[in-house]
Trainee: 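Take a look at this one; I'll ask things after.
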Amino acid sequence: MSDSSTRGPVPDLASLHALGAAQQPTYPDSAAVDAAVARLRSFPPLVFAGECDELTDKLAAVSRGDAFLLQGGDCAETFDGVTADNIRNKLRVLLQMAVVLTYAASVPVVKLGRFAGQYAKPRSSDLETRDLPGIGQVTLPAYRGDAVNGFEFTEASRIPDPQRLVEVYHSSASTLNLVRAFTTGGYADLRQVHAWNTDFVMGSAVGSRYEAVANEIDRALTFMQAIGADPDEFHRVEMHSSHEALVLEYEHALTRIDSRTQLPYDVSGHFVWIGERTRQLDGAHVELLSRIQNPIGVKLGPTSTADDAIALAARLNPDNTPGRLTFITRMGAGKVRDLLPPLVAKVEAAGVQVAWVSDPMHGNTYEASSGYKTRRFDDVIAEVQGFFDVHRALGTWPGGIHVELTGDDVTECVGGGEELLESDLADRYESVCDPRLNRVQSLELAFLVAEMLRKA
Ligand code: PEP
Ligand code: CO
């Protein structure tokens, strides 16, 4: 671990706000905010500092080119979505993807859920206008995630309520509890590799392809067992949690001094990241995350310059500790081959230690003629392919993918082997924010990325 004397103490919440913080809720009742924050401060940590350090070590392996990061989950979790089925399905698709990546590419895969805290959303506009039948145009505050206000398009529901932050904590705690049970209690045992391939996925082309991989793994396991090898790793997986650190009240209240090291950790999740809209160098989010010890990420979109990235690294990781900082690039399929090379080349030339990860989702969103926000599966693949090609040309390591996905059979992104059409989007569009890959599309992505990885 780094010597963090260079990082300095965590400022209080008021000082953070004084720096100017983008994308924050405007709460109508400040006493209610104080009460919610006080409540959050009294709760136990959701994750342990030592687990965050373990993830830093794994991400150091990613930045060295010795491991690959699979980070995935919903764009926005919802309180209603905290059900056993939902969590299990999400976990299952991540496990299937991880198996495909590990087996096909023979590279260790670091598994990071985009869950147990992903409840707050940055928005491009503060307001949302809808044309309501019989009423006309109605403008209300935009939905900023269940952490802030309600999705329902009514005035009452859209008022930011700080009590929701307390519910984020409890929802995240139940999610993590089930994830820990599933990953260590037998469900994630490699012997279950067939059992993860169920229902609609099993019947798909990619499901059959997965079945073939599972058969090979089964044979390998039987062989290992026959020679008396049965390591712990066959029976459990390590899965970490992550979310965008957006609402300062929540992240600050869950920033605690670790009793082992006397250093601050944001114990709301193992890994937290700064979004594309809140990465201002002198802003509150960069300030807060510069003080904590967790491994952290920063999203870098098409307007990011290499100098921005180098300055962010200097602020966020002054000791240049490997594994501490991940840059998650999200340029768009049409731009990645132009914008990524100068960025990566200059950052690497500056000696910055970083894991490079591709988010092939957020640069590829468009509105279908039906009004649904969607993404083309082909664009997602094209951005990842561009990311791999750029890194290969520069001799740097394409360290991972960051994807929005679900374990369910939703119809939110078009294309993929099942050739989902724009006219299918209405069938099962359930995301309250960005469109996610469904389980079949996610598994297809894993096979395609495994192929790219094998060549990397
Ligand atoms: C997101 O990850 O859901 C998101 C809003 O991303 P970005 O900050 O890259 O736009
Ligand atoms: Co999103």
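What you see is a predicted model, and the numbers here were worked out from it, not measured in a lab. Remember, it's 1-based here, ligands and their atoms both numbered in the order they're listed.
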Trainee: If we set the cut-off at 4.0 Å for heavy atoms, which region of His362 has an atom near ligand 1: side chain, backbone, both, or neither?
Mentor: side chain
Trainee: Working to the nearest 0.5 angstrom, can you tell me the gap between Glu77 CD and Gln118 CD?
Mentor: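 These two atoms lie 6.5 Å from each other.
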Trainee: Please compare Glu244, Arg123, Lys299 and report which has the shortest non-hydrogen distance to atom 2 (O) of ligand 1.
Mentor: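 Result: the heavy atom closest to atom 2 (O) of ligand 1 is in Lys299.
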Trainee: Is a side-chain N or O of Thr278 found less than 3.5 angstrom from the main chain of Ile274, in a donor-acceptor match?
Mentor: no
Trainee: What residues, two or more places apart in sequence or in another chain, satisfy ring-ring contact (aromatic ring centres under 6.0 Å, His included) together with Phe43?
Mentor: Tyr169, His170
Trainee: Testing the basics here: between Thr406 and Ser442, what is the closest heavy-atom pair and its distance to 0.1 Å?
Mentor: O-OG, 4.4 Å
Trainee: Taking the Co ion (ligand 2) as the center, what protein N, O or S atoms are found at less than 2.8 Å?
Mentor: Cys75 SG, His362 NE2, Glu404 OE2, Asp434 OD2
Trainee: Evaluate Trp273 for polar contact with ligand 1, using N/O atom pairs at a separation under 3.5 Å.
Mentor: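 No, there is no polar N/O contact under 3.5 Å.
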Trainee: Please list the nearest protein heavy atom to atom 8 (O) of ligand 1 with its residue and the distance rounded to 0.1 Å.
Mentor: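 So the nearest neighbour among protein heavy atoms is Glu276 N, 2.9 Å.
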Trainee: Pull out every atom of ligand 1 sitting under 4.0 Å from any heavy atom of Glu404, numbered as shown with elements.
Mentor: 1 (C), 2 (O), 3 (O)
Trainee: Quick test of your reading of the model: are Glu451 and Arg209 salt-bridged, counting only N-O distances below 4.0 Å?
Mentor: yes
Trainee: Hey, which atoms in ligand 1 end up nearer than 4.0 Å to a heavy atom of Gly275?
Mentor: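 Ligand 1 atoms under the 4.0 Å threshold to Gly275: 8 (O).
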Trainee: Considering the heavy atoms of Pro122, write down every atom of ligand 1 situated less than 4.0 Å from one of them.
Mentor: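 Those of ligand 1 that fall under 4.0 Å from Pro122 are 5 (C).
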Trainee: Number the atoms of ligand 1 from 1 as they appear, then name those within less than 4.0 Å of a heavy atom of Cys75, with their elements.
Mentor: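 Contacts of ligand 1 toward Cys75, numbered from 1: 3 (O).
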Trainee: Do Arg164 and Tyr119 form a cation-pi contact, if we require the NZ or CZ to be under 6.0 Å from the six-membered ring centre and within 45 degrees of the ring's axis?
Mentor: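 Checked: cation-pi criterion not met.
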Trainee: Is it true that Arg330 and Glu383 make a salt bridge, defined as a side-chain N closer than 4.0 Å to a carboxylate O?
Mentor: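 Here Arg330 does not pair with Glu383 in a salt bridge, since their nearest N and O are not under 4.0 Å apart.
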Trainee: Can a salt bridge be assigned to the pair Arg279 and Glu276 using a cut-off of 4.0 Å between side-chain N and carboxylate O?
Mentor: yes
Trainee: Centre-to-centre under 6.0 Å for Trp273 and His402, is that the case here?
Mentor: yes
Trainee: Using a strict threshold of under 4.0 Å (side-chain N to carboxylate O), is an ion pair present between Glu238 and Lys111?
Mentor: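 Salt bridge between Lys111 and Glu238, a charged N being under 4.0 Å from a carboxylate O: no.
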Trainee: What do you reckon, does Arg114 put a non-hydrogen atom under 4.0 Å from ligand 1?
Mentor: yes
Trainee: Mind checking whether Lys121 contacts ligand 1 via backbone (N, CA, C, O), side chain (CB onward), both or neither, at a 4.0 Å heavy-atom cut-off?
Mentor: side chain
Trainee: Arg330 heavy atoms, cut-off 4.0 Å: which ligand 1 atoms fall inside?
Mentor: 7 (P), 9 (O), 10 (O)
Trainee: Hey, is Asp74 close enough to Arg114 for a salt bridge, meaning N to O under 4.0 Å?
Mentor: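 Salt bridge: no.
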